[in-house]
**Student:** 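Have a look at this one.
In the text below, chain A, chain B and the rest are named by the order of the sequence lines, each starting its count at 1.
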Amino acid sequence: MIRAKGIFISAAVVLALGAFILFGGRWARGHVNYITAAEDHPLTCWTCHVYTQKDNFIASIMNETYVSPYKLDISDDGSTLYVVGQESNELLVVDAEGGKVLEKIPVGLRPHTVKLSPDGLSAFVSNQWADNIYHIDLATGNVVDTLVGGSGPSDLLFSPDGQELWCVNSYSNDISIFDLETFQERRRLKAGNNPVSAAMTPDGREVYVSSRRSVEVPHMTHPLTEMTVTATKYQRVSERLMFQDAYIMETVDVTPSGDLVLATLIRPKNLIPTVQIERGWMMTQGLGIVDRESGRTMQLLLDEPNAFYSDPFGLVITQDGKKAFVSHAGVDKITAIDMEELRKLVREAPDEALEDYANHLGLSSRFVIGRIPTGSNPKGMVLSPDGKLLYVAERLNDRIAVISTENLETVGTIGLEGPRRLTVNREGRQILNNASGTFQNQYACYTCHPDSHEDGLVYNMAGVGMGRNLANVQTLRDIGDIPPYKWNGKNQTIYKQDGMRFSTILTRNEAFTHKQLDRLVAHIMTDIENPPNLRFNPNGELTEKQQRGKEIFYRTQDNFGNEIPEANRCYTCHPPPYFTNLQMTDVGTLADSDDPMKFDVPQLNNVYESGPYLHDGKAQTLEEIWTKFNDHDEHGVANDMRKDQLNDLVEYLKSIGDAKNYMEEAAVYEASLTKKKKDHEKN
Amino acid sequence: MRKIRLLAAIGFLLPLGLWATEPKKASEMPEYGKWQTFTTEDGLPANKIYCVRVDGDRVWVGTSHGLALYENGSFTNFTTEDGLAHNGVLSVDVSEQTGDIWIGTLGGLNRYSGGVFETFNQFNSGLPNDVIYTVVCDGQDVWCATGGGAGHYDTYSEEWAIYTERNAPMHEPWTYSICAGDNKIWIAAWGGGIIEWQKDSRTFRDYTDPDGEMEIDLFPDDGLVHDITTAVSYSNGILWVATYFGMSRYDGTHWKGYFDHDSGLASNFINFIRANGDVAFLCTDKGLSSFNGEEWITYKKNGSGGKRVYYKDGESNTKNDATGLAHEFTIGVDFQGDDIWVATSYGLSRGTKIN
């Protein structure tokens, strides 16, 4: 009996092996093709079954918490660096001379900027994802005060008398002015769209605040990005300078003499087909300049005819005003600028030539005096008090580069004690942030997806039917579980989205290798979070207005008591937790410039920060989706609603945060669907 | 001993009580003269002036054909080409907190800040309606009286709230005027009297005409003189309410009504009211009246010049002036130091304090 059993098992194993040898390869091929929606992906199991695991044991083994240094400040004597660890949520105290981390002070979620108080005894750290600012006593390392103002606090500066702290609020688009005696917010001034950086003139009279996203402009017109000028004496916005055809003004600084204001910027050519990449015109990067003497603004490129320096981020000007440095996060380089040459160019430029200058790739040769290589993803920078050393936060290297401002060479690095292992996700993040995959390094994934979100622009993609089918950029946050991708839903997976077609349409270069692609996909699918929606839903409890809006979202009858067809109810296409049913739908928004198609229902998590709306970005605000582009109730029955009801609905939509907050709601919704289905079958 | 203490206490408190109940002495009435008129010849975009608002050394003027800024002796004009929501500018207010200018037009609301107009309308925002009769800034809040209800905009949260007959004690959603003060908001609602919003308790109450008569006011001091209210202003604890049928004054305890036939009020048809300290200025179809609770001065035209009509305790007398208002149909008023600015249906007037 036992023998027979043994023979039977052996035969089964042999048969199984035989079947696997005969048919397994075909099955595996089919399985991988199905999972990746691509036909050329290697037959590797771990890329999907290990790399893309999320929130489980395998993921915890696979991943590490890195420091990700972002911005930094330095003590007056130059001995100590204070570095914000964006991912580790720490303020690192670093011995600049010894090159050692002295202390790690826990701070709030996703810290952005650190600024030492004028007396050097304390530090202020803006916690961008916690909507507060920590006041830290540097002697004890304790948080002694927490300042609360607008949403998404980012850059900080002190008033000339040291009595006030100014904070740029990147999400609520304003500037908070705090009284440093009471630590209370005294005033809040409206800034541009997604403001992130501030600089004060040496005479203390004005503060310049740069922003990243374009202000609202009519559909299909060029981006226009604001630099807000504020008179410190009156604490009033005195001017809103607009930079045409530019955006992502990450950092602003003022020369020591106060004659020029410089800001990094990117000039996107989003309204012409992306074939322009090979002509060197898709994205150019440069400086926005305000000549305070003449009142004139202009733009100059930092790129060269055959070399682009994507994602300019940090900007510092030496104390003697002779040099400036710009970090390029997308190409791991620092550009050194001769300020006298730059100044000459600014002063010589005739008014009628300014537009040409803004697009001129040859002019950088007149003022760029060096390109200094760095580690991965250089971001914030600070100069030593004597101006001889430049410290650069290499965000995706967990390191500080030390650069000689005289020789324009890296003279050392300071490790920040981050994990030694380079995880798959970390490599993926490096790929996403790096422009080397694009023709002439023109841009990285990050360029159109700053902070892995979206840049608020509409692009004319060079696909089939070039010049048609304009696409509003979509976020990369938490999209792993909500295929398909692209507005037309043609890409069932991110492997397909970012594979060969990506190089054909977007990067105009060699496609990512499979190794790179696997890492990029792993990062996008598992490693990009939504920021907490502190602005509109800080504690998970809806306001009365949001609650009323939620009732409208889930309503089944219109204001006249008529039943709303199932397909025309909000929740049918936008069910929790992602508020998308992952289906293709026609909501009557097809434009003359679109091919006949349905659109992938977009998710609504953190939808408040994703304007403009609809597939081609024609709705500037959430309200406009229904007030302008829903004449026939195809995008949900809404024309019966009063204005106050629409306001309530919009307030509810703005309250929707990350999917993890809606799992219970989704279960209830699923159960109701199942019950309905059963009832239907019974009848 | 106890009796002595009681008497002493009464003796001490009695004068205090008498003092407390003594009517407040009326403020001195400012008198204005040396009138100057500004028209299109001086650079205004139109002669029909809807509103005027002082902003430090500057003056904002809303007209039927655009917004004008008077600064350093000349006008700079703004129209829809500059970003104005509509050229019919009915109301302007200045945010004390930010210095931003808020502009109510016949086609939406503008924020003018740092030289840039931002437009809110009923399509792109939660603004209740595009016809904005009045806009008022109150700290971080902006309130609008619109044809579709009162709108409240929190500039911090960028959230709109709409108040109509559905959620406030209004007769219908048409609101004409709004003012703020003493932690309250007052809304002049067409046919609904005055709606008071308590900011702390977030509750409404209304003030209406108790006799409910539309043609006459049976008891002038029983409450509002009429439910159709056109303007409201609050200053120094007094709520002043304009209607097309007379004026009401409320001190928190008592209402008192005033009409053209029994007071110095130029006309019962009152377009606008603004209190400056203890003195209310009423823009009527027959001149500008001012009142401090006791005496009246009304400014009218007199040929090419003007006149001041004084009224107190039933007696009136008139003084002629070489200069006068641009027009007797007055629509708006504001104050700049010793100067008064008056919006009229044919020109902008500036007078100077002469007493």
**Student:** Look up atom CG in A:D644 and atom CG in B:N167, then write down how far apart they are to the nearest 0.5 Å.
**Tutor:**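 That separation rounds to 6.5 Å.
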**Student:** If you define the side chain from C-beta out and look only at heavy atoms, does anything of B:V116 sit under 4.5 Å from A:M242?
**Tutor:**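 With C-beta onward as the side chain, the pair touches.
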**Student:** Test side-chain contact (heavy atoms from CB on, under 4.5 Å) on A:E623 and B:F123 and set out the steps.
**Tutor:** CA-CA 6 Å; A:E623 285 87 353; B:F123 296 103; over 6 Å; no
**Student:** B:T98 and A:R236: which non-hydrogen atoms are nearest, and at how many Å?
**Tutor:**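 Smallest heavy-atom distance, with atoms named: O-CD, 2.7 Å.
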**Student:** Flag the one option from B:Q122, B:E118, B:R166 with the top tally of heavy-atom pairs under 4.5 Å to chain A.
**Tutor:**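 Of the candidates given, the most pairs with chain A belong to B:R166.
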**Student:** Go through the atoms of A:E185 and report whether side chain, backbone, both or neither lie under 4.5 Å from a heavy atom of chain B.
**Tutor:**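 When you check distances to chain B, only side chain atoms of A:E185 fall under 4.5 Å.
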**Student:** Would you say the side chain of B:E159 lies within less than 4.5 Å of the side chain of A:K654, judging by non-hydrogen atoms?
**Tutor:**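 Counting from C-beta outward, A:K654 and B:E159 never come under 4.5 Å.
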**Student:** Is there a donor-acceptor pair closer than 3.5 Å between any side-chain N or O of A:R240 and the backbone N or O of B:G115?
**Tutor:**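 No.
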**Student:** Please list, in residue-number order, every residue in residues 66-88 of chain B that has a heavy atom less than 4.5 Å from any heavy atom of chain A; write 'none' if there are none.
**Tutor:**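 Counting heavy atoms that sit under 4.5 Å from chain A, no residue of residues 66-88 of chain B is involved.
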**Student:** Tell me the residues of residues 531-538 of chain A whose non-hydrogen atoms fall below 4.5 Å from those of chain B, in number order.
**Tutor:**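 Within residues 531-538 of chain A, the residues under 4.5 Å from chain B are A:R535, A:F536.
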**Student:** Side chains of A:K643 and B:I162: does their closest heavy-atom pair fall under 4.5 Å?
**Tutor:**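 Heavy-atom side-chain distance check passes, below 4.5 Å.
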**Student:** Against chain A, label B:Q140 side chain, backbone, both or neither, depending on which of its atoms sit under 4.5 Å from a heavy atom there.
**Tutor:**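 The answer is neither part of B:Q140.
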